[in-house]
Amino acid sequence: GAVVSQHPSRVICKSGTSVKIECRSLDFQATTMFWYRQFPKQSLMLMATSNEGSKATYEQGVEKDKFLINHASLTLSTLTVTSAHPEDSSFYICSARDLRYAPEETQYFGPGTRLLVL
Amino acid sequence: AQSVSQHNHHVILSEAASLELGCNYSYGGTVNLFWYVQYPGQHLQLLLKYFSGDPLVKGIKGFEAEFIKSKFSFNLRKPSVQWSDTAEYFCALRTGGYNKLIFGAGTRLAVHP
C-alpha cells in the first residue's frame with residue numbers, strides 16, 4: 001500500500017498556543033487529504049476534507065477558525081490547532097486519497113499525532 | 001444519512017478459532033466498503049476493500065469479507081486467528097459521489113495464545 005507520514009508523532013503544548021501537524025503522502029500525489037480525530041476507544045471522526053489549491057471542507061460542528069487546514073502541494077496538508085485548550089487533546093489522524101487505481105480509489109492513513117494540551 | 005454498525009465491540013478468541021466480525025451499513029445506493037485494522041500503537045492499515053464484482057473479497061493476512069447486498073452487510077472472516085491478529089478492526093463505507101469514509105465504531109479483538 002501507499003505510505004502516508006505525519007509529523008510530529010507526539011506534541012505537548014501549553015494552553016493558548018498553536019500547534020501545526022503535517023501530513024505527507026510519500027509515494028503518490030494526493031489532491032485530497034482528510035483529517036480525523038480519534039478519541040480513546042472510539043472510532044475515527046472526520047473533521048475536514050483538505051483539497052489541494054482550494055479551501056478545506058469542514059464537517060458539521062468543527063470550527064474552521066480553530067482547526068486551520070492548508071493543502072499547499074500535492075503531497076502535503078497541514079492542520080493547525082489554534083489557541084489550543086485541554087479539550088483539544090486527542091489523537092489526530094490524516095489520510096490521503098490514492099487515485100492511481102481509480103475508480104478503486106483508497107484512502108491510506110498516517111500514523112497519527114497525539115496532542116496533549118496542558 | 002449513511003451509517004455503519006459494528007455489532008461486536010469486544011471479541012475474545014483463542015488461537016486457531018474462527019473469526020467473524022459483523023458490519024452492517026445503511027445506504028440504498030452504490031457503496032464501496034472497506035475493512036481497516038489498527039494494531040496496538042500502529043496506524044490504520046487496509047485489510048481489504050469491495051468496489052464491485054465478486055462479493056467475496058480476499059485481503060491480506062488471510063482475511064476475507066463477503067458483501068451481501070440484500071442484508072446490507074460486509075462481514076469480515078478469518079478461518080483461524082493468530083495471537084498477532086490482536087487489534088482493532090474498523091469497517092468503513094464510501095458512497096457514490098462522496099470521497100469521505102464513514103467508519104463504524106470498531107471491534108476490539110483479543111486473541112489469547
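Hydrophobic cluster membership is shared by Phe74(B) and Ile60(B), with clusters built from Ile, Leu, Val, Met, Phe, Trp and Tyr side chains linked at under 4.5 angstrom. Clustering ILVMFWY residues whenever any of their side-chain heavy atoms sit less than 4.5 angstrom apart, transitively, puts Val19(A) in the very cluster that holds Met47(A). Put simply, Phe34(B) and Tyr36(A) are part of the same group of oily side chains (I, L, V, M, F, W, Y) that touch within less than 4.5 Å, one to the next. Note on Ile102(B): it does not cluster hydrophobically with Trp35(A), by side-chain heavy-atom contacts below 4.5 Å among ILVMFWY residues. Connection of Leu115(A) to Met33(A) is not established within any shared hydrophobic cluster, with ILVMFWY side chains joined at heavy-atom distances below 4.5 Å, either directly or through further cluster members.
For Glu59(A), the part lying under 4.5 angstrom from a heavy atom of chain B is the side chain only. Contact of Leu44(A) with chain B is made through backbone and side chain together, with heavy-atom distances under 4.5 Å.
Of the inter-residue distances, the one linking His43(B) atom NE2 with Ser95(A) atom OG reads 11.5 Å to the nearest 0.5 angstrom. The CD atom of Gln38(A) sits 9.0 Å away from the CZ atom of Phe103(B) when rounded to the nearest 0.5 Å. Taken from CG in Leu46(B) to CD in Gln107(A), the straight-line distance is 10.5 Å, to the nearest 0.5 Å. Expressed to the nearest 0.5 Å, how far CG of Leu101(B) lies from CZ of Phe109(A) amounts to 5.5 Å.
If you tally non-hydrogen atom pairs under 4.5 Å between each of Gln38(B), Gln45(B), Gln42(B) and chain A, the highest count goes to Gln38(B). No other option in Gly106(B), Ser52(B), Ala105(B) has as many heavy-atom pairs under 4.5 Å with chain A as Ala105(B).
Lys49(B) and Thr106(A) form a side-chain donor-acceptor contact under 3.5 Å, judged by distance and modelled atom types alone.
For NZ of Lys55(A), the number of neighbouring non-hydrogen atoms (other residues, nucleotides, ligands) closer than 6.0 Å is 12 at most. Atom NE2 of His7(A) sits in a sparse spot, with 12 or fewer heavy atoms from other residues, nucleotides or ligands closer than 6.0 Å.
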